[in-house]
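Worksheet for the structure shown next.
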Amino acid sequence: MQKLAFIGFGVVGQGLAEILLEKKEILNKENGFEYSVVAVSDFTKGSALDNNGLDLEKLLELAKNGKISDYPGATTGLDALETIKKTNADVVIEVSYTDIKTAEPANSHFRAALERGKHLVTTNKGPTALFFREISDLAKANKAEFRYEGTVVAGTPVINLAEMCLAGNEISEIRGILNGTTNFILTNMEKGKSYKDALKEAQELGFAEADPTADVEGFDALAKVVILAKSVMGAEINPEDVDRTGITGISLDDVKKAADAGLRWKLIGKVKREGGAVKASVKPEKVALTDPLASVGGATNALTFETDLLGPVTIVGPGAGKKETGYSLLIDLLAINMKG
Ligand code: HSE
């Protein structure tokens, strides 16, 4: 039985909670996975802790009204760090606010969990991108798992794919569409829509970041490129090492000219081994229509791994969304469960 504590209970945390409820029986039957939620702490919705277990359905109901602290009979009023200290959870699910510049407060949550030997599963890009090595070392020193599938391309399996299914390959390049908002904008510009209208629609549909600068200037894709470089390629690439350009300089005319030439603009994130070094970039590229990445439209993401044993392997799937990102946490919980 895995005892779970949620740090952050917004869209992604609730996405996982809904999956856990919906799939409870099948996860038990097919995967031997049983869970109990013992704590939830959210910056705006409050907290509830009961080391004997909380009712997840009740938590979701309270979260909808922003009042987790109204949970009857639970210890309430604890902040995230107090929750991590007091909970008997085996796994901390860290899905609080992401800050790509300082990584706080999530980085302190990561450390508090791992120092206590609790496994950590997260979708939080800030600390994973900035402090990957330190966090991995801390996890190892405390015999805890650090799993972060959802930091890159939501629940579409790229981290687990590289770690498990492509094991034994030498991966010389990872290249792909790592941001849904910009791909959605470029796809719509090809249909004649203005940049401004397409961005507005992406915001309305909910996959653009709160500040869409992170999307359109390539910072969101950059964080994912750094995570891939550090985790899959074992490279010491930091945000300032990534050659970054966003899509704001691409006009409707540029998109039309490319289409006339049989090409398509894509914001491409890339990590490549060159000699002994690893280079990383996020840049708009004109991609030939024969490239599998060219056919990936709208908010969908895709990544091509260049491997020595299989050649190029491309995975295409959602890179954002409530259930889609919530699922990334489930696959990490199952991986921990499999290791026993
Ligand atoms: N804003 C991001 C995107 C969400 O558009 O891909 C997932 O990181």
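Atoms within a ligand are numbered from 1 in the order they appear, just like the ligands themselves. Only a predicted model underlies this, so the values are computations on that prediction, with no experimental measurement involved.
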Tell me whether the guanidinium CZ or amine NZ of Lys24 lies under 6.0 angstrom from the six-membered ring centre of Tyr35 and within 45° of its axis.
->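 Ring-cation test returns yes.
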
Determine whether the side chain, the backbone, both or neither of Asp220 has a heavy atom under 4.0 Å from any heavy atom of ligand 1.
->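 Contact part for Asp220 vs ligand 1: side chain (C-beta onward).
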
Does the distance from a Lys or Arg side-chain N to an Asp or Glu carboxylate O, for [X] and [Y], drop under 4.0 Å?
X      : Y      : result
Glu204 : Lys200 : yes
Lys193 : Glu201 : yes
Lys279 : Glu274 : yes

May I ask you to check if ligand 1 and Phe207 share an N or O to N or O distance below 3.5 Å?
->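 Phe207 vs ligand 1: N/O contact under 3.5 Å present.
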
So is Thr181 polar-close to ligand 1, meaning N/O to N/O under 3.5 Å?
->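 Between Thr181 and ligand 1, an N or O pair is found under 3.5 Å apart.
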
Looking at Lys286, Arg264, Arg175, which one forms a salt bridge (charged side-chain N to carboxylate O under 4.0 Å, His left out) with Asp291?
->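 Single salt bridge (charged side-chain N to carboxylate O under 4.0 Å, His left out) partner of Asp291 among Lys286, Arg264, Arg175: Arg175.
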
Numbered atoms of ligand 1 (with element) below 4.0 Å of [X], judged on heavy atoms:
X      : value
Gly180 : 3 (C), 5 (O), 6 (O)
Lys224 : 6 (O), 7 (C), 8 (O)
Asp215 : 1 (N), 2 (C), 3 (C), 5 (O)

Dump the intermediate steps for side chain to side chain contact (heavy atoms under 4.5 Å, CB included) on Val38 and Leu54, then the final yes or no.
-> CA-CA 6 Å; Val38 289; Leu54 296 159; 5.7 Å; no

Just to confirm my output: which protein heavy-atom neighbour is closest to [atom], and how far is it?
atom                   : value
atom 7 (C) of ligand 1 : Gly319 O, 3.4 Å
atom 4 (C) of ligand 1 : Glu209 OE2, 3.3 Å
atom 8 (O) of ligand 1 : Lys125 NZ, 2.8 Å

Does a donor on one side chain sit under 3.5 Å from an acceptor on the other, for Asn124 and Thr98?
->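 A pair is found: one side chain offers a donor N or O, the other an acceptor, under 3.5 Å apart.
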
